[in-house]
Amino acid sequence: PGPDQPRTGRHRRAPGHRPGGEPVSAPIRVLIADDQALVRGALATLLGLEPDIDVVAQAGTGREAVALVRERAVDVALLDIDMPDMDGLATTAALTAMGTGCRSLIVTTFGRPGYLSRALEAGAAGFLVKDTPPEELAEAIRKIAAGLRVIDPTLAQESVIVGPNPLTDREKDVLRLAVRGADAHDIAEALHLGAGTVRNYLSSAIAKTHARNRTEAARTAETNGWL
């Protein structure tokens, strides 16, 4: 859906009523997934101060987050990118595929343009960095729960400047190993490719990243969030 289109799938639970008959909106049910317990706790405490937001679950891994979304009827999942078992991007894709109506908001330290595009491709409804003020985060959750999309404006601008990821899947595989210091022979062995084929992939990746060598190409791709 576009930024102004309401979400589809499971709807939030119907509001109740106060004793006098006045309707009460159901709180937005939120899950927080981050592998750092202090960060999870801090976010839960801050969001718990909002009368219309209810933190119903916390997870330390992506797989745990997916399981809790199934159990707790979550409306909005706040996901870090760097998590064990399943990172935030893969978790977003899994939640999108589940079709429960839970919408994903990436909240991460890694404000890289490539991560933004990959998150949106996975079905994320929002992308913010962790230094976002608490009141802005709470408002982003409200907008996402209402079916809108929220993107950090600075990161959105950088994403336009950097452009889409130019690397193929195989070039990304090769650079992921190169960034760890592997040479062409090691990469060929790890990926079950010929050394000449690996050199061709490296040459193509170097050209696409406008780098001088494979190390610089790998660093550029990593910095842009393309890997």
Kindly say whether Gly60 contributes a backbone atom to a donor-acceptor pair with the side chain of Glu64 at under 3.5 angstrom? yes
Start with the C-alpha gap between Val129 and Thr132, add the side-chain angles, then the distance that decides, and say whether side-chain contact (heavy atoms from CB on, under 4.5 Å) holds. CA-CA 6 Å; Val129 292; Thr132 299; 4.0 Å; yes
In short, Ala217 meets Ala205 closest at the heavy-atom pair CB-O, 4.2 Å
Report the residues that fulfil side-chain contact (heavy atoms from CB on, under 4.5 Å) with Asn200, sequence neighbours left out, ordered by chain and then residue number. none
Heavy-atom side-chain contact between Leu79 and Met86 under 4.5 Å: no
More than 12 non-hydrogen atoms from neighbouring residues, nucleotides or ligands closer than 6.0 Å to CG on Leu38, yes or no? no
Under the rule for side-chain hydrogen bond (donor to acceptor under 3.5 Å, both in side chains), what residues qualify as partners of Thr209, not counting sequence neighbours? none
Distance, nearest 0.5 Å, that separates CG of Asp87 from OG1 of Thr61: 11.5 Å
Nearest heavy-atom neighbours spanning Met83 and Asp35: CG-N, 4.1 Å
Going hydrophobic residue to hydrophobic residue with side-chain gaps under 4.5 angstrom, can you get from Leu78 over to Val39? yes
Write down the atom of Asp54, the atom of Pro27, and the distance for their closest heavy-atom approach. CB-CB, 4.0 Å
Can you hop from Leu89 to Met98 via hydrophobic side chains spaced under 4.5 Å? yes
Using only atom types and a distance under 3.5 Å, with no angle test, would you say the side chain of Asp75 pairs donor to acceptor with the backbone of Arg29? yes
With side-chain contact (heavy atoms from CB on, under 4.5 Å) as the test, would you mind laying out the steps for Val55 and Ile32 before giving the verdict? CA-CA 7 Å; Val55 179; Ile32 299 171; 3.9 Å; yes
If you take all heavy atoms of Ala94 and Val66, which pair is closest and at what distance? CB-CG2, 4.0 Å
Which residues satisfy the salt bridge (Lys or Arg N to Asp or Glu O under 4.0 Å) test with Glu136, sequence neighbours excluded? none
May I have the list of side-chain donor-acceptor pairs in residues 173-195 shorter than 3.5 Å, sequence neighbours left out?
{"from": "Asp173", "atom 1": "OD1", "to": "Arg176", "atom 2": "NH1", "distance (Å)": "2.9"}
{"from": "Asp173", "atom 1": "OD2", "to": "Arg170", "atom 2": "NH1", "distance (Å)": "3.3"}
{"from": "Arg176", "atom 1": "NE", "to": "Leu227", "atom 2": "O", "distance (Å)": "2.8"}
{"from": "Arg176", "atom 1": "NH2", "to": "Leu227", "atom 2": "O", "distance (Å)": "2.9"}
{"from": "Asp183", "atom 1": "OD1", "to": "His185", "atom 2": "N", "distance (Å)": "3.2"}
{"from": "Asp183", "atom 1": "OD1", "to": "Asp186", "atom 2": "N", "distance (Å)": "2.8"}

Nearest non-hydrogen partners of Arg40 and Asp34, listed with the distance: NH1-O, 2.6 Å
Shared hydrophobic cluster for Val107 and Ile28 (ILVMFWY, side-chain gaps under 4.5 Å): yes
Would the distance check show the side chain of Thr96 and the main-chain N or O of Ala122 forming a donor-acceptor pair, the cut-off being under 3.5 Å? yes
Under a 4.0 Å threshold between the charged nitrogen and the carboxylate oxygen, would Asp80 count as salt-bridged to Lys130? yes
Counterpart residues, side-chain hydrogen bond (donor to acceptor under 3.5 Å, both in side chains), relative to Lys143 (two or more places apart): none
Non-hydrogen atoms of Gln58 and Gly41 that approach each other most closely: OE1-N, 4.0 Å
Tell me whether Ile206 is reachable from Tyr201 by hopping between hydrophobic residues (I, L, V, M, F, W, Y) whose side-chain heavy atoms are closer than 4.5 Å. no
Between Arg103 and Ala125 (side chain of the first, backbone of the second, donor and acceptor by atom type, cut-off under 3.5 Å), is there such a pair? no
side-chain contact (heavy atoms from CB on, under 4.5 Å) with Phe127: of Leu120, Leu105, Thr108, only one passes, and it is Thr108
Under the side-chain hydrogen bond (donor to acceptor under 3.5 Å, both in side chains) rule, collect the residues that match up with Glu139, sequence neighbours excluded. Arg142
Indicate, with yes or no, if Leu46 and Ile106 share a hydrophobic cluster defined by side-chain heavy-atom contacts under 4.5 Å among Ile, Leu, Val, Met, Phe, Trp and Tyr. no
Checking Leu137, Val76, Leu47 against Ile53 for side-chain contact (heavy atoms from CB on, under 4.5 Å), the one that qualifies is Leu47
With heavy-atom distances below 4.5 Å as the criterion, would you say the side chains of Leu31 and Arg72 are in contact? no
